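Numbers here are sequence positions counted from 1. As the structure is a computational prediction, the values presented were derived from the model and not from experiment.
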Amino acid sequence: MTLLARLASDVQLMFRRPPRQQYGAICYRVKKKSDDVEVMLMTSRDTGRWVIPKGWPMTGKCAHEVAAQEAFEEAGVRGAVETETLGAYSYSKVLRDGVQVACKVQVYALEVTDMAKNFKEKGERRIEWVSFDEAAGRVREPELRGLFLAFKQKITERLSAKAAKQGSAGKQIPAE
């Protein structure tokens with residue numbers, strides 16, 4: 001590497017900003033009759049690509065609380081949000097002024113228990129409930145795709161354990 005190329009590389013590194021932090025939610029619901037799990041996807045307001053609800057940090061709110069708040073404001077869903085992160089993914093966001101910034105989104109699971117008729121961004125996005133595999137196929141970010149697939153495994157194991165526990169609780173030991 002020439003001295004000039006090395007200097008140019010060092011200057012680029014000096015001006016590179018760390019990714020901006022956001023918090024998001026993978027919103028899911030379990031169908032009562034079949035125990036199938038669906039996840040919610042919505043379109044972004046600007047490009048129409050498939051995304052999850054996410055947003056910037058909020059003063060006085062923990063990361064998982066921000067994820068839940070964004071899910072309500074953007075998609076009208078409420079529910080139980082987990083406090084432990086599922087992981088994170090990165091993407092490039094184009095701000096209103098046209099500047100592109102790197103963002104890192106910490107993601108939390110939110111089990112949807114209620115859907116509001118009216119919410120802040122109603123009518124600005126398309127919302128769909130799909131399978132984990134369908135969601136993984138629709139999103140552009142490879143790390144988000146991986147989070148959907150990892151969460152599919154986790155929730156499948158959780159539901160299997162719950163079913164086994166309920167099955168053993170219902171069995172009675174015959175008296176001798």
Side-chain angles (χ1 to χ4, degrees), residues 20-45 48-91 93 103-171:
R20 294 196 185 176
Q21 185 67 58
Q22 289 190 310
Y23 304 108
I26 290 182
C27 303
Y28 71 98
R29 64 185 182 189
V30 181
K31 289 184 170 183
K32 289 181 181 162
K33 291 182 181 176
S34 64
D35 270 351
D36 288 342
V37 180
E38 294 179 314
V39 290
M40 186 197 73
L41 284 180
M42 60 186 203
T43 55
S44 65
R45 290 187 294 182
R49 73 186 193 288
W50 292 105
V51 298
I52 62 171
K54 62 188 168 302
W56 305 109
M58 297 176 188
T59 305
K61 287 194 185 267
C62 295
H64 67 280
E65 294 171 324
V66 172
Q69 178 72 32
E70 291 296 334
F72 179 70
E73 288 178 8
E74 295 180 0
V77 296
R78 288 190 187 100
V81 65
E82 295 182 14
T83 58
E84 187 179 318
T85 183
L86 293 173
Y89 73 97
S90 302
Y91 79 105
K93 179 172 184 67
C103 292
K104 184 169 186 167
V105 184
Q106 235 176 281
V107 180
Y108 297 85
L110 185 146
E111 184 173 8
V112 175
T113 55
D114 184 45
M115 293 180 66
K117 288 188 171 127
N118 293 306
F119 51 95
K120 189 174 181 180
E121 296 183 16
K122 183 178 181 174
E124 296 180 29
R125 305 168 183 276
R126 219 167 93 214
I127 297 169
E128 288 189 21
W129 290 93
V130 298
S131 69
F132 281 103
D133 294 335
E134 178 71 21
R138 286 190 190 187
V139 296
R140 289 187 190 164
E141 300 81 7
E143 294 165 310
L144 180 55
R145 187 173 300 128
L147 289 176
F148 272 116
L149 297 176
F151 186 54
K152 174 186 178 183
Q153 182 70 34
K154 184 177 181 177
I155 199 77
T156 301
E157 290 168 4
R158 190 184 296 170
L159 291 173
S160 294
K162 185 178 174 184
K165 189 176 179 182
Q166 287 175 341
S168 65
K171 292 181 183 175

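Put simply, the side chain of K54 does not reach to within 4.5 Å of the side chain of K93, judged on heavy atoms. In this structure, the side chains of V39 and V130 come closer than 4.5 Å at one or more pairs of heavy atoms. In this structure the side chain of W50 reaches within 4.5 angstrom of the side chain of T43, judged on heavy atoms. V37 places none of its side-chain heavy atoms less than 4.5 Å from the side chain of F151.
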Stepwise side chain to side chain contact (heavy atoms under 4.5 Å, CB included) test for R29 and M115: CA-CA 11 Å; R29 64 185 182 189; M115 293 180 66; 4.0 Å; yes
Residue pair Y89, I52: steps toward the side chain to side chain contact (heavy atoms under 4.5 Å, CB included) verdict: CA-CA 11 Å; Y89 73 97; I52 62 171; 3.9 Å; yes
H64 and E82: CA distance, side-chain angles, deciding distance, side chain to side chain contact (heavy atoms under 4.5 Å, CB included) verdict: CA-CA 7 Å; H64 67 280; E82 295 182 14; over 6 Å; no
From CA spacing to verdict: side chain to side chain contact (heavy atoms under 4.5 Å, CB included), W56, C103: CA-CA 10 Å; W56 305 109; C103 292; 3.8 Å; yes
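Distance check: E128 CD to R125 CZ gives 14.0 Å after rounding to the nearest 0.5 Å. Between the CD atom of E65 and the OH atom of Y108 there is a distance of 10.5 Å, given to the nearest 0.5 Å. Note that the CZ atom of F132 and the OG1 atom of T156 stand 6.5 Å from one another [nearest 0.5 Å]. Atom CG of L144 is separated from atom CG of L41 by 8.0 Å, given to the nearest 0.5 angstrom.
Checked against salt bridge (Lys or Arg N to Asp or Glu O under 4.0 Å), D133 has the following partners two or more places apart in sequence or in another chain: K152. Listed by chain and residue number, E38 satisfy the salt bridge (Lys or Arg N to Asp or Glu O under 4.0 Å) test with K31 (two or more places apart in sequence, or in another chain).
Across all non-hydrogen atoms, the minimal contact from R138 to E134 is NE-OE2, 2.8 Å. Listed here is the closest heavy atom pair of E141 and S90: CG-O, 3.9 Å. What you find for F72 and A116 is that their closest heavy atoms are CE1-CB, 3.6 Å. Of all heavy-atom pairs between V112 and C27, the closest is CG2-CB, 3.8 Å. Closest approach of A63 to Q106, counting heavy atoms only: CB-NE2, 4.5 Å. In terms of heavy atoms, I26 sits closest to V107 at CG1-CG1, 3.6 Å.
Applying the 6.0 Å contact sphere to CZ of R140 captures no more than 12 heavy atoms from other residues, nucleotides or ligands. Counting heavy-atom neighbours within 6.0 Å of K154 NZ, excluding the residue itself, gives a total above 12.
Salt bridge absent: E111 and R158 never bring a charged side-chain N and a carboxylate O closer than 4.0 Å.
For residues 68-79, the side chain to side chain donor-acceptor pair (under 3.5 Å) pairs, not counting sequence neighbours, are Q69-E73, R78-D114.
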